[in-house]
Amino acid sequence: MAFPEPKPRPPELPQKRLKTLDCGQGAVRAVRFNVDGNYCLTCGSDKTLKLWNPLRGTLLRTYSGHGYEVLDAAGSFDNSHLCSGGGDKTVVLWDVATGQVVRKFRGHAGKVNTVQFNEEATVILSGSIDSSVRCWDCRSRKPEPVQTLDEARDGISSVKVSDHEILAGTHSVLEVTTAQAGLAAVLPALPLKCCNYRCAPQSLAQVSSVDGRVRRYDLRMGQVSSDYVGSPITCTCFSRDGQCTLISSLDSTLRLLDKDTGELLGEYVGHKNQQYKLDCCLSEHDTHVVSCSEDGKVFFWDLVEGALALALPVGPSVVQSLAYHPTEPCMLTAMGGSIQYWREETYEAEGGAG
């Protein structure tokens with residue numbers, strides 16, 4: 001007699017707060033995991049960037065060199081370098097071990113809202129309030145960007161990169177660009193998969209803008225595609241399987257789009273996002289949509305059904321930023337001058353680290 005297969009356990013959500021860390025750098029503008037999720041970066045209004053072990057609550061290093069508040073940061077694939085952008089209009093490349101500035105890239109006409117490495121960490125992509133995305137060669141000593149993507153008509157709020165595309169979101173549109181004769185020709189070694197300047201699907205590089213469009217740049221095909229949302233876009237990201245794009249906008253709505261066709265696959269409402277640039281993402285297995293909210297909560301929706309699964313209270317003010325672990329049900333949130341470290345209810349820290 002064959003016994004029935006056990007029912008698979010439903011995915012666990014990070015709703016147990018393990019730690020709250022006072023970062024000591026003014027308001028925390030953004031929090032980001034490194035590539036393997038063992039460490040995190042915090043971007044401060046006091047012009048500093050800090051590297052932490054969030055589980056142990058240990059500050060590992062402080063990086064000073066910006067002339068104004070730091071708005072975003074990212075780590076390289078091998079954890080050897082960091083990049084950051086801020087209100088001083090510069091993009092900074094850092095050496096992780098020494099804490100020293102390797103390069104400063106200048107050229108944007110306004111504050112830099114978002115930065116990303118390409119897959120091989122040879123190029124930094126930066127999106128600015130000046131409506132442009134600029135591509136900086138980390139190996140070259142030339143001060144100019146190797147490519148400027150200036151299709152947006154308003155500030156760039158988000159840039160995401162896959163192996164051959166760039167996804168860009170602006171305050172009003174989402175576009176997808178494939179750059180065979182453009183970016184791919186100039187940057188033949190750039191492992192960007194898709195550039196979306198629309199706030200939705202992921203292909204090569206994805207860029208979102210305040211103009212309400214998400215654009216995706218396909219570097220292999222030399223094409224750009226654009227999805228129009230209509231409301232200013234605050235954040236965009238790829239699904240982990242690379243098939244969809246998630247877009248957050250100032251009408252308090254998240255939209256899931258098919259990356260290739262732009263078809264609307266789902267809408268998620270219930271949170272509040274009417275004034276601020278807030279982060280959104282997908283959980284580690286693409287089972288849930290996750291978003292910050294201006295009412296002090298983080299919202300989780302079932303990806304397929306669209307139903308609200310959890311409204312997690314964080315605190316009394318705006319949840320400014322969040323980061324989701326790449327492989328585990330683990331999340332970081334930022335509120336005011338502190339960050340919060342969350343795990344699933346059944347989690348027990350090894351060696352009492354929690």
Side-chain angles (χ1 to χ4, degrees), residues 11-15 17 28-33 71-72 113-114 157-160 167 169-171 174 196 198-202 206 208-210 212 214 227 229-240 244-257 264-326 329-336 339-342 344:
E12 293 188 274
L13 299 177
Q15 51 188 307
R17 187 189 309 224
V28 178
R29 299 306 187 192
V31 59
R32 303 286 182 251
F33 272 115
L71 298 176
D72 195 18
N113 287 325
T114 177
S157 57
S158 179
V159 173
K160 294 295 186 293
L167 182 61
T170 61
H171 288 190
L174 169 64
N196 286 11
R198 55 186 188 180
C199 239
Q202 153 194 4
Q206 181 163 290
S208 62
S209 169
V210 183
V214 176
D227 292 328
V229 172
S231 178
I233 295 168
T234 62
C235 184
T236 181
C237 67
F238 294 122
S239 60
R240 298 188 188 272
C244 302
T245 299
L246 180 66
I247 302 167
S248 174
S249 54
L250 287 182
D251 57 357
S252 298
T253 303
L254 290 98
R255 297 170 176 87
L256 187 71
L257 306 183
L264 179 64
L265 302 176
E267 288 190 345
Y268 310 90
V269 296
H271 68 302
K272 182 180 180 182
N273 186 9
Q274 300 173 339
Q275 301 181 58
Y276 300 102
K277 178 183 179 295
L278 303 182
D279 290 334
C280 66
C281 65
L282 289 144
S283 60
E284 79 278 17
H285 296 306
D286 284 344
T287 59
H288 288 81
V289 171
V290 189
S291 176
C292 297
S293 181
E294 293 170 8
D295 60 4
K297 300 176 182 176
V298 172
F299 284 72
F300 296 78
W301 295 266
D302 184 276
L303 177 85
V304 176
E305 297 179 359
L308 180 63
L310 175 65
L312 178 67
V314 178
S317 59
V318 177
V319 183
Q320 299 150 199
S321 181
L322 67 79
Y324 215 96
H325 195 281
C330 171
M331 178 180 67
L332 293 167
T333 55
M335 176 178 288
I339 62 171
Q340 301 78 36
Y341 182 71
W342 305 84
E344 69 277 21

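These figures come from a predicted structure and were not determined experimentally. No hydrogens, no waters, no symmetry mates; every other heavy atom, side chains included, goes into these values.
In terms of the salt bridge (charged side-chain N to carboxylate O under 4.0 Å, His left out) criterion, residue partners of E267 (sequence neighbours excluded) are, by chain and number, R255. In terms of the ring-ring contact (aromatic ring centres under 6.0 Å, His included) criterion, residue partners of F299 (sequence neighbours excluded) are, by chain and number, W301. Contacts of T114 classified as side-chain contact (heavy atoms from CB on, under 4.5 Å), with partners at least two apart in sequence or in another chain: D72, I156, V159. Taking S252 as the reference, nothing meets the side chain to side chain donor-acceptor pair (under 3.5 Å) condition, with sequence neighbours excluded. Evaluation of the side-chain contact (heavy atoms from CB on, under 4.5 Å) rule for L310 yields L13, Q15, F300, L312 as partners, not counting sequence neighbours. For H288, the ring-ring contact (aromatic ring centres under 6.0 Å, His included) criterion is met by no residue, not counting sequence neighbours. When the side chain to side chain donor-acceptor pair (under 3.5 Å) test is applied to T253, no partner is found at least two apart in sequence or on another chain.
For the atom pair CG (L256) and SG (C244), the distance works out to 4.5 Å, reported to the nearest 0.5 Å. Residue L322 holds its CG atom at 8.0 Å from SG of C235, rounded to the nearest 0.5 Å. Considering CD of E12 and OG1 of T287, their distance stands at 11.0 Å, rounded to 0.5 Å. Distance SG/C280 to CG/L254: 5.0 Å, rounded to 0.5 Å. Remark: C281 SG to H325 NE2 distance equals 13.0 Å, nearest 0.5 Å.
Inter-residue side-chain proximity for S283 and M331 is flagged as unmet; no heavy-atom pair is nearer than 4.5 Å. Between L278 and V319, the closest side-chain pair of non-hydrogen atoms is not below 4.5 Å.
Heavy atoms only, all atoms of each residue included: A323 and F33 are closest at O-CE1, 3.5 Å. Taking both residues in full, the closest heavy atoms of L282 and C237 are given as N-SG, 4.4 Å, listed atom of the first, atom of the second, then distance. Pairing each heavy atom of S321 with each of C292, the nearest pair is C-SG, 3.6 Å. Looking at every heavy atom in both residues, Y324 comes nearest to P14 through OH-CD, 3.0 Å. Residues V31 and T333 come closest through the heavy atom pair CG1-C, 4.3 Å.
Without hydrogens or angle criteria, T236 side chain to L246 main chain gives a donor-acceptor distance under 3.5 Å. Under the 3.5 Å distance criterion, the side-chain polar atoms of Y268 are matched with a main-chain donor or acceptor of L303. Judged by distance alone, the side chain of Q320 and the main-chain N or O of G336 form a donor-acceptor pair under 3.5 Å. Under a 3.5 Å cut-off, the side chain of S231 and the backbone N or O of D251 do form a donor-acceptor pair.
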Check the pair L250, N273 against side chain to side chain contact (heavy atoms under 4.5 Å, CB included), reporting the backbone distance first and the verdict last.
CA-CA 5 Å; L250 287 182; N273 186 9; 3.4 Å; yes
Side chain to side chain contact (heavy atoms under 4.5 Å, CB included) between L265 and L257, worked out
CA-CA 5 Å; L265 302 176; L257 306 183; 5.9 Å; no
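The salt bridge (charged side-chain N to carboxylate O under 4.0 Å, His left out) analysis of residues 272-300, with sequence neighbours excluded, yields the pairs R32-D279. Sequence neighbours left out, not one pair with a member in residues 300-324 passes salt bridge (charged side-chain N to carboxylate O under 4.0 Å, His left out).
For the residue pair T234 and S157, no side-chain donor N or O sits within less than 3.5 Å of a side-chain acceptor on the partner.
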